[in-house]
Amino acid sequence: MEIIIAVAVLVVLLILFICIGYVKAPPDTAYMISGFRKPRILIGKAGIRIPFLERLDKLSLKMFSVDVKTTDFVPNAEYINVKVDATVKIRIGQSEEMMALASKFFLNESEDMIIRRVQDTLEGNMREIVGQMRLEEMVTDRKAFGERVQDNAIPDLQKMGLEMISFNVQSFSDQNNVIEDLGIDNISQIKKGAAVAKAQADRDIAIAQAQAAKEANDAKVQSEMEIAEKQTSLAIRQAELKQQSDVKKAEADAAYSIQEQQQRKTIEVASANADIARAERTAELKSKEVDVTKQTLDAEIRAKADAQRYAAEQEAEAELFRRTKEAEAKMIERQREAEGIRAVGLAEAEAIRLKALAEAEGIDKKAEAMKKYGEAAVIEMIMAALPEIAKNVAEPLSKVDKITMYGEGNSAKLLSDIVNGTTQVTEGISAGMGIDIKSLIMGALGGKLAAADTPVVVVPPQPAQQEQE
């Protein structure tokens with residue numbers, strides 16, 4: 001149990017030892033471990049320091065800015081009292097040798113302490129360089145002054161383990177205003193140089209302008225010459241083309257003139273032939289002119305007469321057509337009236353016939369009694385009755401105011417209808433009485449009409465008006 005406790009105590013002590021001895025250096029600080037073992041330098045890494053046996057020292061590796069000024073005026077190579085204000089950038093050397101040297105002077109010291117220790121060395125080096133240079137050299141070539149100060153100060157800084165990064169001069173000043181006078185002189189020189197430069201620039205500008213004007217004029221002259229040459233070439237070419245055109249035109253005019261003469265000759269020949277033909281034609285026409293004039297007059301008169309006749313025929317045909325249509329319409333109307341009248345007449349004639357038949361029966365009875373009178377008496381009786389019969393047949397026509405008949409034979413047809421009506425009556429008497437009236441009449445007339453087959457016509461009384469067209 002005691003062993004376990006002892007081991008645990010040892011482990012705890014070891015862990016505590018390690019925790020206490022563990023160190024880690026930042027990149028801008030060098031940790032220097034020395035003592036029990038060989039000295040070691042840690043920069044940006046960790047290590048173990050044995051407690052109570054080794055020590056840890058720090059050395060800053062940062063870059064320091066040191067303001068270096070001369071505390072009073074320092075005479076230069078020209079014995080001009082000058083003050084210099086400069087800024088120097090330094091740091092601890094990065095090699096082990098430089099760090100070892102720096103550790104002897106600046107170990108565990110602050111930045112301000114290091115700057116104060118370095119200022120004196122740098123000021124001494126700067127005073128030394130000021131005493132070696134002329135004022136104008138320092139003022140006009142600060143870079144050369146800074147390089148000389150660096151070359152003079154670096155060996156001293158290296159002995160302390162330091163490196164110089166840069167040296168920059170801020171200003172120069174003197175007791176006698178020499179630098180200001182140098183500035184005035186420089187200003188004058190600068191003005192002089194500027195004036196000279198301006199004059200030279202003006203001269204160069206004038207030369208350049210003259211050269212440009214010359215080149216422009218040369219270009220203009222060259223251009224005008226080229227234009228003139230082109231115009232000359234154009235004029236020559238135009239003249240050549242005009243000459244060729246004139247030649248072609250002359251040839252064309254000559255050809256046209258020849259062609260025109262040939263055409264004129266042809267026209268003249270044709271004209272002469274035409275005149276001859278015209279003269280012959282004129283003579284022929286003059287011989288025929290009288291006939292033609294006469295024929296023309298006859299034709300005009302005939303045409304005028306034909307036109308008048310044709311117009312008259314057309315008017316007559318139109319009038320005939322109009323009157324024909326009117327006549328047809330009237331004829332149809334009159335035919336209808338005539339048919340009605342005829343029907344009435346036939347009806348009345350039939351009535352008369354029936355009446356005559358009735359009377360004939362009585363007469364028939366009387367016939368035997370009248371036989372003693374002979375045929376002469378019979379004929380006398382018949383002839384006395386015929387006018388009455390015809391009157392009765394024609395009596396319907398007396399009631400008609402006007403009868404219009406068209407065409408041929410219509411009046412004969414009307415008369416025939418009247419005669420037929422009378423004949424029907426006489427034939428009815430003959431049929432009813434058994435007496436051949438025709439034979440009796442023919443016998444009475446002594447046979448004059450024996451061979452004729454024409455019925456006896458009794459002219460009926462004239463109607464009120466008859467019109468035949």
Side-chain angles (χ1 to χ4, degrees), residues 19-74 82-132 138 142-173:
C19 291
I20 294 173
Y22 178 80
V23 293
K24 184 177 180 180
D28 59 349
T29 303
Y31 283 3
M32 304 185 70
I33 300 173
S34 60
F36 182 73
R37 294 175 295 177
K38 181 181 178 179
R40 303 186 306 279
I41 298 175
L42 300 177
I43 301 174
K45 56 184 179 180
I48 300 298
R49 178 182 64 84
I50 300 173
F52 308 111
L53 298 178
E54 293 180 342
R55 60 174 294 164
L56 176 64
D57 296 307
K58 297 179 181 179
L59 184 63
S60 177
L61 300 179
K62 295 179 180 179
M63 184 177 64
F64 309 117
S65 179
V66 181
D67 188 11
V68 181
K69 296 180 181 180
T70 55
T71 55
D72 53 5
F73 289 97
V74 179
V82 179
K83 274 188 177 182
V84 180
D85 185 4
T87 301
V88 181
K89 303 292 183 183
I90 62 173
R91 69 177 182 179
I92 303 298
Q94 302 297 308
S95 65
E96 292 183 358
E97 294 178 357
M98 296 288 287
M99 289 183 183
L101 290 172
S103 65
K104 295 178 181 179
F105 299 101
F106 309 113
L107 190 64
N108 297 324
E109 289 187 359
S110 64
E111 294 180 5
D112 293 336
M113 182 60 70
I114 295 172
I115 290 172
R116 285 196 297 270
R117 290 187 178 186
V118 173
Q119 277 181 340
D120 295 338
T121 303
L122 292 175
E123 183 179 353
N125 290 312
M126 190 168 60
R127 283 172 174 269
E128 184 177 354
I129 299 303
V130 169
Q132 297 176 0
M138 291 187 293
R142 294 186 179 189
K143 183 178 180 181
F145 176 78
E147 289 176 352
R148 292 185 66 174
V149 172
Q150 288 184 35
D151 294 339
N152 191 44
I154 285 174
D156 295 337
L157 293 175
Q158 288 178 349
K159 292 176 182 179
M160 291 183 291
L162 298 175
E163 293 179 352
M164 182 178 288
I165 305 301
S166 64
F167 182 90
N168 296 315
V169 178
Q170 300 296 322
S171 63
F172 291 100
S173 61

[atom2] on [Y] to [atom1] on [X], rounded to 0.5 Å:
| X | Y | atom1 | atom2 | result |
| --- | --- | --- | --- | --- |
| Met98 | Ile92 | CE | CD1 | 8.0 Å |
| Arg91 | Ile165 | CZ | CD1 | 4.5 Å |
| Lys62 | Ile90 | NZ | CD1 | 14.5 Å |
| Asp72 | Arg127 | CG | CZ | 4.5 Å |
| Asp57 | Leu107 | CG | CG | 4.0 Å |
| Met32 | Ile43 | CE | CD1 | 9.0 Å |

Would you say the side-chain atoms of [X] pair up with the backbone N or O of [Y], donor to acceptor, closer than 3.5 Å?
| X | Y | result |
| --- | --- | --- |
| Glu111 | Phe64 | no |
| Thr70 | Val84 | yes |
| Gln119 | Asp67 | yes |

Could you check whether atom CD of Glu96 has more than 12 heavy atoms from other residues, nucleotides or ligands sitting under 6.0 Å from it?
no
Does NZ in Lys83 sit with more than 12 non-hydrogen atoms of other residues, nucleotides or ligands closer than 6.0 Å?
yes
Applying side-chain hydrogen bond (donor to acceptor under 3.5 Å, both in side chains) as the test, list every pair that has at least one member in residues 25-35; sequence neighbours left out.
none
Tell me the closest heavy-atom pair linking [X] and [Y], and the distance in Å.
| X | Y | value |
| --- | --- | --- |
| Glu109 | Phe105 | OE2-O, 3.3 Å |
| Val169 | Phe167 | CG2-CE2, 3.7 Å |
| Arg49 | Glu54 | NH1-O, 3.0 Å |
| Ser65 | Lys89 | OG-NZ, 3.0 Å |
| Val68 | Met126 | CG1-CE, 3.5 Å |
| Ala30 | Met99 | CB-SD, 4.4 Å |

Taking only residues two or more places apart in sequence or in another chain, which ones pass salt bridge (charged side-chain N to carboxylate O under 4.0 Å, His left out) with Asp120?
none
Any [X] side-chain heavy atom under 4.5 Å of [Y] side chain:
| X | Y | answer |
| --- | --- | --- |
| Tyr22 | Ile48 | yes |
| Asn152 | Gln132 | no |
| Val88 | Val149 | no |

Side chains of Ser110 and Arg116: is there a donor and an acceptor less than 3.5 Å apart?
no
Pair Asn125, Thr121 - check side chain to side chain contact (heavy atoms under 4.5 Å, CB included), show working.
CA-CA 6 Å; Asn125 290 312; Thr121 303; 3.7 Å; yes
Which one of Glu147, Met138, Arg148 satisfies the side chain to side chain contact (heavy atoms under 4.5 Å, CB included) criterion with Ile129?
Arg148
Derivation and outcome, side chain to side chain contact (heavy atoms under 4.5 Å, CB included), residues Thr87 and Gln170:
CA-CA 7 Å; Thr87 301; Gln170 300 296 322; 3.2 Å; yes
